[in-house]
Amino acid sequence: MNESATVEPTKQRQGIQSIEVGARLLRALAANGRSMMLRDVARNAGMPAAKAHRYLVSFMRMGLVEQDANTGRYDLGEFSLELGLASLARLDPVRLAGPVLDDLCERIGETVALAMWGNHGATCVRWVEAGGPVTVTLRTGVVLPLTASATGLAFAAFYRSPYLRRMLDNEVQATAEVRNATPTALLEALTVRLDEIRRRGIARASGSFNPGINGFSAPVFDHTGHMVAAITSLGIIGSFDLDWDSPMAQSTRDAAATLSRRLGHGSVDSSGEKQPAPARASL
């Protein structure tokens with residue numbers, strides 16, 4: 001008989017307590033965001049300094065922790081960075097967005113969606129319908145215009161890609177021909193609009209892409225500060241408050257910020273410094 005098959009479930013879940021205790025030191029270093037003296041690491045981890053020192057010596061041998069020879073301060077080591085980057089590389093925005101979208105939909109009672117940058121532009125990859133008497137539906141795979149949708153405007157304001165710039169120029173040119181306007185005038189107006197979106201941290205549109213539909217869209221950033229997706233909320237004009245400071249806008253911002261945090265945005269780099277604010281796309 002296979003001996004492992006007879007082991008009780010509770011026995012299988014038993015771990016090594018010393019590893020769990022030592023992990024408190026790593027959590028303390030990670031949470032502090034900068035190098036620390038031994039007494040501070042020990043206090044934050046809730047253990048005596050002598051005990052903390054023994055763990056830190058072992059962690060230094062493994063590369064999880066390093067110590068500055070001049071100041072004696074401890075910080076996360078190269079192996080900790082490798083583990084963190086490997087974990088971040090495995091994060092899937094679409095998978096992680098599921099519960100965030102569900103929560104947002106339940107909170108505001110409107111259709112919500114996740115869009116990512118695809119081969120043809122800002123593309124809807126997931127959506128959740130509110131299920132009310134009047135709902136807004138999206139189709140997975142639909143590509144949203146950069147200047148006539150909240151989602152597209154969010155990408156135009158925050159996403160970095162030479163291809164986006166070319167698409168934006170083509171879209172402005174086509175719009176100018178339809179409106180019998182000059183591309184320069186449209187670009188100037190769009191520049192002002194994108195600047196406001198960057199200040200507000202969210203894009204909005206009313207009836208431009210879908211007649212009768214209002215929308216907000218907020219950017220989602222990864223651990224490098226790059227925009228990787230947009231969370232969009234949509235509703236019928238008249239019942240969907242499009243004010244910049246409305247609960248609808250704030251809930252959409254909050255959802256995007258939650259997903260950004262789950263993707264590592266705002267984490268510290270190997271030097272202990274916060275990641276810089278995301279660069280802004282420009283016209």
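This structure is a prediction, so every number in the text was calculated from the model and none was measured.
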Nearest non-hydrogen partners of A122 and F155, listed with the distance: CB-CD1, 3.6 Å

Working to the nearest 0.5 angstrom, can you tell me the gap between L187 CG and L168 CG? 7.0 Å

Determine whether a donor-acceptor pair (N or O, by modelled atom type, separation under 3.5 Å) exists between the side chain of Q67 and the backbone of G72. yes

T258 side chain to R261 side chain, donor-acceptor N/O pair below 3.5 angstrom: yes

Under 3.5 Å donor-acceptor, S80 side chain and L76 backbone: no

What I'd like to find out is whether the side chain of V142 reaches to under 4.5 Å of the side chain of T123, using heavy atoms alone. no

Counting N and O atoms only, with roles assigned by atom type, does the side chain of E171 sit under 3.5 Å from a partner on the main chain of T147, one being a donor and the other an acceptor? yes

Check V125 against T140 and note the closest heavy-atom contact, atom names and distance. O-CG2, 3.7 Å

I'd like to know if M37 and V65 are part of one continuous hydrophobic network [Ile/Leu/Val/Met/Phe/Trp/Tyr, side-chain heavy atoms within less than 4.5 Å]. no

Identify the two heavy atoms, one from V41 and one from M36, that lie closest to each other, and give their separation to 0.1 Å. CG2-CB, 3.4 Å

Main chain of R200, side chain of R253: is a donor-acceptor contact present, judged purely on distance under 3.5 Å? yes

When the ring planes of F240 and F216 are compared, do they come out parallel, tilted or perpendicular, using 30° and 60° as the limits? tilted

Looking only at side-chain N and O atoms, does S233 offer a donor or acceptor that is under 3.5 Å from a partner on E110? no

How close do L242 and G215 get, heavy atom to heavy atom, and via which atoms? CD1-O, 3.7 Å

Within this structure, what is the OG-CZ distance for the pair S260 and R262, rounded to the nearest 0.5 Å? 11.0 Å

Checking the side chain of R126 only, and the main-chain atoms of A97 only, is there a donor and an acceptor separated by less than 3.5 Å? no

Beyond-backbone contact of V94 with M116, side-chain heavy atoms, under 4.5 angstrom: yes

Backbone N or O of S18 within a donor-acceptor pair of the Y55 side chain at under 3.5 Å? yes

Minimum side-chain heavy-atom gap R193-L153 below 4.5 Å: yes

Let me check something: do I19 and L64 share a hydrophobic cluster, defined by ILVMFWY side-chain heavy atoms less than 4.5 Å apart, either directly or through other members? no

Which is it for L190 and V172 under the side chain to side chain contact (heavy atoms under 4.5 Å, CB included) test, yes or no, and what are the steps along the way? CA-CA 9 Å; L190 181 60; V172 168; 4.1 Å; yes

In terms of side-chain geometry, is the basic nitrogen of R199 or D195 positioned less than 4.0 Å from the acidic oxygen of its partner? no

Other residues, nucleotides, ligands: >12 heavy atoms within 6.0 Å of E196 CD: yes

Indicate yes or no: at least one non-hydrogen side-chain atom of L114 is less than 4.5 angstrom from one of L259. yes

Taking it one step at a time, do T111 and W127 satisfy side chain to side chain contact (heavy atoms under 4.5 Å, CB included)? CA-CA 7 Å; T111 296; W127 64 279; 4.2 Å; yes

Considering only heavy atoms from C-beta outward, does the side chain of P93 approach that of V220 to under 4.5 Å? no

Does the S239 side chain pair with the main chain of I236, one donor and one acceptor, at a distance under 3.5 Å? yes

For the rings on F59 and F79, is their centre-to-centre separation under 6.0 Å? no

Ring-plane angle category for F221 and H265, please: parallel below 30°, perpendicular beyond 60°, tilted otherwise. tilted

Indicate, with yes or no, if I237 and W244 share a hydrophobic cluster defined by side-chain heavy-atom contacts under 4.5 Å among Ile, Leu, Val, Met, Phe, Trp and Tyr. no

Interatomic distance, CG@L104 vs CD1@I231, rounded to 0.5 Å, equals 7.0 Å

Atom of A230, atom of S217 and distance for their closest heavy-atom approach: CB-OG, 3.5 Å

Look at the side chain of D222 and the backbone N and O of H226, then say whether any donor-acceptor pair between them is shorter than 3.5 Å. yes

Heavy-atom check, side chain of D102 versus side chain of V128, under 4.5 Å: yes

Side chain to side chain contact (heavy atoms under 4.5 Å, CB included) assessment of V21 paired with K51: CA-CA 10 Å; V21 172; K51 181 178 181 179; 4.1 Å; yes

Value rounded to 0.5 Å, distance of CZ in R204 from CD1 in I197: 9.5 Å

Decide whether Q250 and D254 meet the rule of one side-chain donor and one side-chain acceptor closer than 3.5 Å. yes

Going from OG1 on T175 to CG on L146, what distance comes out if it is rounded to the nearest 0.5 angstrom? 10.0 Å

Sorted by chain and residue number, the side-chain hydrogen bond (donor to acceptor under 3.5 Å, both in side chains) partners of R43 (sequence neighbours excluded) come out as D40

In Å, rounded to the nearest 0.5 Å, how long is the span from CG of L25 to NE2 of H53? 11.5 Å

Answer yes or no: is there a side-chain heavy-atom contact under 4.5 Å between M47 and R24? yes

For L234 and V112, run side chain to side chain contact (heavy atoms under 4.5 Å, CB included): C-alpha distance rounded to whole Å, both residues' side-chain angles, the deciding distance at 0.1 Å, then the answer. CA-CA 6 Å; L234 300 166; V112 300; over 6 Å; no

Looking only at non-hydrogen atoms, find the nearest pair between A28 and A45 and report the distance. CB-N, 4.3 Å

